[in-house]
Amino acid sequence: MTTSTETKEKEPLNFIEEIIEEDIRNGKHAGRVHTRFPPEPNGFLHIGHAKALVVNFETAQKYGGKTNLRLDDTNPSTENTDYVDNIKNDIRWLGFEWEGEELYASDYFEQLYQFAVKLIHKGLAYVDDSTPEEIAAQKGTPTAPGTESPFRNRSIEENLDLFARMRAGDFPDGSRVLRAKVDMASPNMHMRDPVIYRIKHEHHHRTGDDWCIYPMYDFAHGQSDSIEEITHSLCSLEFRHHRPLYDWFIEKLEIFPSRQIEFARMNVAYMITSKRRLMKLVTDNYVTGWDDPRMPTLAGMRRRGYPAPAIREFCRRAGTARRDNVIEYELLEFCVREELNRTSLRSMVVLDPLKVVITNYPEGQVEDMSIENNPEDPNAGHRTMPFSQELYIERDDYMDDPPKNYHRLAPGKDVRLKSAYIIHCDEVIRDANGEVSELHCSYYPDSRSGSDTSGIKAKGVIHWVSAPHAIQAEVRLYDRLFTDPEPTNHEDRDYIEFYNTNSLQVVTAFAEPSLKNAQPGQTFQFLRKGYFCTDTDSTPANPVFNLTVNLKDSWSK
RNA sequence: AGACCCAUAGUGUAACGGUAGCACACCAGAUUUUGGUUCUGUUCGUCAAGGUUCGAAUCCUUGUGGGUCUACCA
């Protein structure tokens with residue numbers, strides 16, 4: 001008996017979606033949804049930006065809306081076009097396409113200037129000759145109200161004249177600012193007559209030397225939202241205290257009422273997202289660059305082999321709410337494995353080799369063994385791998401004196417060589433130090449994979465490569481960059497103290513011959529080991545692979 | 001110290017006054033020519049104390065804990 005009209009549970013909405021759906025119900029902005037992603041072009045995009053990207057783009061997509069890319073370039077001292085290019089590239093790689101051409105806050109400098117003039121006309125802004133120190137003192141403290149600047153009540157005419165001369169370049173840097181006249185006694189520090197324009201005789205990456213005054217964030221961001229008619233301006237929690245100012249400017253300027261909504265930024269255990277701290281890792285050579293595979297930058301994660309869909313899924317699963325959070329690294333790894341399990345081709349690579357000689361295998365004989373490329377994908381087909389008398393297996397796939405539930409090789413034990421024969425360990429050869437240097441094994445000729453009539457049941461299956469056919473490859477094994485889940489959260493210790501000195505280990509591995517053609521960026525599963533990505537340093541003569549993430553291992557525990 | 005924000009399994013996130021769910025992690029088992037994948041199951045939670053109510057994770061009060069704010073950065 002089936003219930004024909006059973007409706008499926010509607011998936012829960014996050015608080016932003018609830019606000020949007022209510023706005024749509026109320027006919028606000030005729031149901032239009034338009035978001036924006038507003039990075040400052042002074043650094044590389046990282047995992048935190050990925051979350052902001054997903055929230056902004058996917059929320060808009062869900063409601064048939066649009067998303068602008070707007071570079072928030074109001075401070076020429078730190079911003080440049082190289083960063084712009086990298087940001088655009090990273091966003092496209094993550095899988096998002098913004099509406100039209102990318103936009104710049106600097107496109108609105110003239111309009112912003114006119115907004116300021118309008119404020120002055122309304123008696124709501126004034127030129128202040130106070131020094132930075134004096135202004136800071138006037139601000140007061142959170143517990144004590146501020147004091148008014150002696151320049152607060154200049155005439156509109158004088159303010160107009162002075163502001164025009166600021167623009168004209170009549171004054172040196174730091175000598176004057178334009179301040180909004182709000183409320184020096186407000187409990188919200190941001191409302192205590194915030195500086196909205198400062199003098200900076202500096203070359204801007206787009207407007208060149210057209211301007212020597214530049215708007216502050218609070219007088220650029222919200223106004224840019226408004227100019228672009230952004231309906232929902234999604235930002236992180238620390239801007240909560242800016243919202244009354246955001247709304248105040250919209251009201252006083254009588255411009256399009258964009259609405260700012262704050263959500264908690266995503267923190268990920270063992271990762272940091274501070275631009276300054278990330279920069280230090282690069283400049284002090286803790287990593288090789290912004291795209292070092294250990295870096296939490298999109299460039300680094302891309303090089304590491306994290307697929308864009310996995311990063312997007314990770315951001316979705318982390319959820320969107322308004323409370324502080326630290327997402328476990330394991331969730332990211334889960335999303336990466338989930339994607340890579342579906343998509344990556346399998347191959348066999350021995351990272352820590354131990355030689356095996358099949359004593360009863362005809363010397364010089366080579367057989368082509370057929371191996372599935374991806375058991376999760378029947379369409380991925382098969383490849384062949386040469387099998388010969390001398391092989392390499394993983395050193396930890398052999399033990400002298402194994403525990404009873406060890407399924408691999410040991411003296412007198414059998415093991416299946418994946419997609420090849422079952423072998424029996426007859427003899428252990430040791431070097432002068434007593435270390436195992438070689439295994440002499442015999443194979444069961446009737447146990448060939450696919451036509452096994454031996455009747456032998458080997459509990460273990462291990463990977464292997466043919467010694468004379470294997471190619472050497474550099475394999476870079478990565479671990480988390482920090483040894484503490486929240487390296488920047490210790491009052492008494494610097495985050496650098498938690499730098500993981502074992503975060504990179506380089507080994508020379510023996511890989512199956514097919515890997516000779518691996519292209520940079522291509523991902524593989526090295527059977528029983530993990531997912532790996534061909535590095536940008538890789539060449540056919542010197543292949544290089546990065547460990548993306550290891551396979552789950554329920555044995556080593 | 002003041003203002004504002006936040007508090008649900010280990011970690012995240014739902015439940016919108018009416019059975020506290022889901023995901024990851026963990027543990028156990030089944031399957032497996034990857035100790036992978038897949039499947040099944042177990043354990044574990046409403047910060048505290050009052051109040052309102054037939055009924056509170058949800059509303060109110062107080063407390064506790066955490067976060068944000070005092071840049072001519074964004």
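Fair warning: this is a prediction, and the values are worked out from it, not measured in the lab. Each chain gets a letter, A, B and so on, in the order its sequence line appears, and its residues count up from 1.
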Can you check the [X] [atom1] to [N] [atom2] distance for me, whole Å?
X	N	atom1	atom2	result
A:Asp553	B:C27	CG	C1'	16 Å
A:Ile47	B:G12	CD1	P	16 Å
A:Leu245	B:A74	CG	P	13 Å
A:Gln260	B:A74	CD	C1'	13 Å
A:Phe15	B:G12	CZ	P	16 Å
A:Ile261	B:C5	CD1	C1'	16 Å
A:Phe526	B:U34	CZ	P	19 Å
A:Arg243	B:A74	CZ	P	21 Å

Donor-acceptor contact below 3.5 Å, side chain A:Asp107 vs main chain A:Leu103: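 No, the answer is negative, given that no donor and acceptor are paired below the 3.5 Å cut-off.
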Please state the [atom1] separation for the pair [N] and [M] - nearest whole angstrom.
N	M	atom1	value
B:G45	B:U8	P	14 Å
B:U42	B:C60	C1'	40 Å
B:U61	B:U68	P	25 Å
B:G21	B:U43	P	12 Å
B:U13	B:U52	C1'	29 Å
B:A30	B:A49	P	44 Å
B:A20	B:A57	P	8 Å
B:C54	B:U62	C1'	26 Å

Cation over ring face, A:Arg179 and A:Tyr126, 6.0 Å, 45°: no
Cation over ring face, A:Arg70 and A:Tyr104, 6.0 Å, 45°: no
So [X] and [Y], would you call those rings parallel, tilted or perpendicular, with 30° and 60° as cut-offs?
X	Y	result
A:Tyr495	A:Phe482	tilted
A:Phe532	A:Phe526	parallel
A:Tyr392	A:Phe510	parallel

5'-most by nearest nucleotide on RNA chain B - A:Val326 or A:Arg346: A:Val326
Closest-nucleotide 5' rank along RNA chain B - winner of A:Ala321 and A:Glu40: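 Its nearest nucleotide lies further toward 5', so the answer is A:Ala321.
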Aromatic ring proximity [X]/[Y], centre distance under 6.0 Å:
X	Y	result
A:Tyr306	A:Phe314	no
A:Tyr214	A:Phe109	yes
A:Tyr246	A:His242	no

Taking N or O atoms only and anything under 3.5 Å, show me the protein contacts with nucleotides 68-72 of chain B, one pair per line.
| residue | atom | partner | partner atom | Å |
| --- | --- | --- | --- | --- |
| B:U68 | O2 | A:His241 | NE2 | 2.7 |
| B:C69 | O2' | A:His190 | NE2 | 3.4 |
| B:C72 | N3 | A:Gly174 | O | 3.4 |
| B:C72 | N4 | A:Ser130 | O | 3.3 |
| B:C72 | N4 | A:Pro132 | N | 3.4 |
| B:C72 | N4 | A:Gly174 | O | 2.8 |

Give [X] one of three labels, base, sugar-phosphate or nothing, depending on what nucleic acid heavy atoms sit under 4.0 Å from its own.
X	answer
A:Thr320	sugar-phosphate
A:Glu262	nothing
A:Arg192	nothing
A:Thr78	nothing
A:Ile327	sugar-phosphate
A:Arg322	sugar-phosphate
A:Arg323	base
A:Gly460	nothing
A:Pro375	base

Pair [X] + [Y]: basic N to acidic O under 4.0 Å:
X	Y	value
A:Arg383	A:Glu372	no
A:Arg154	A:Asp129	yes
A:Asp193	A:Lys139	no
A:Asp414	A:Arg408	no
A:Lys88	A:Glu102	yes

Among B:G10, B:A14, B:C5, the one nearest A:Arg240 by side-chain distance: B:C5
Candidates B:G67, B:A74, B:U34 - which lies nearest the side chain of A:Glu79: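 Selected nucleotide: B:A74.
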Polar pair under 3.5 Å, donor/acceptor by atom type, side chain A:Gln525, base B:U34: yes
Any donor-acceptor N/O pair under 3.5 Å between B:U34 base and A:Arg528 side chain: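 When only heavy-atom distances are counted, A:Arg528 does not reach the base of B:U34 through any donor-acceptor pair under 3.5 Å.
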B:A74 pyrimidine/purine six-ring stacking with A:Tyr217, under 5.5 Å and 30°: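 The base of B:A74 is not stacked with A:Tyr217 (the test needs centres under 5.5 Å and planes under 30°).
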Face-to-face stacking of A:His407 with B:G35, centres under 5.5 angstrom, angle under 30°: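 Yes.
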Pairs under 3.5 angstrom, nitrogen or oxygen only, protein versus nucleotides 37-41 of chain B, please.
| residue | atom | partner | partner atom | Å |
| --- | --- | --- | --- | --- |
| B:U37 | O2' | A:Asn341 | ND2 | 3.3 |
| B:U37 | O2' | A:Glu376 | OE1 | 3.3 |
| B:U37 | O2' | A:Glu376 | OE2 | 3.3 |

A:Ser554 side-chain N/O to B:G36 phosphate OP1/OP2 under 4.0 Å: yes
Side-chain N or O of A:Thr74 closer than 4.0 Å to phosphate OP1/OP2 of B:C73: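 No, outside the criterion.
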Smallest separation among heavy atoms of A:Phe524 and A:Ser347, with atom names: CB-OG, 4.1 Å
Consecutive-pair stems (at least three Watson-Crick or G-U pairs, under 3.5 Å) that include RNA chain B: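 Stem list for RNA chain B: B:2-7 with B:64-69, B:10-13 with B:21-24, B:27-30 with B:38-41, B:47-51 with B:59-63.
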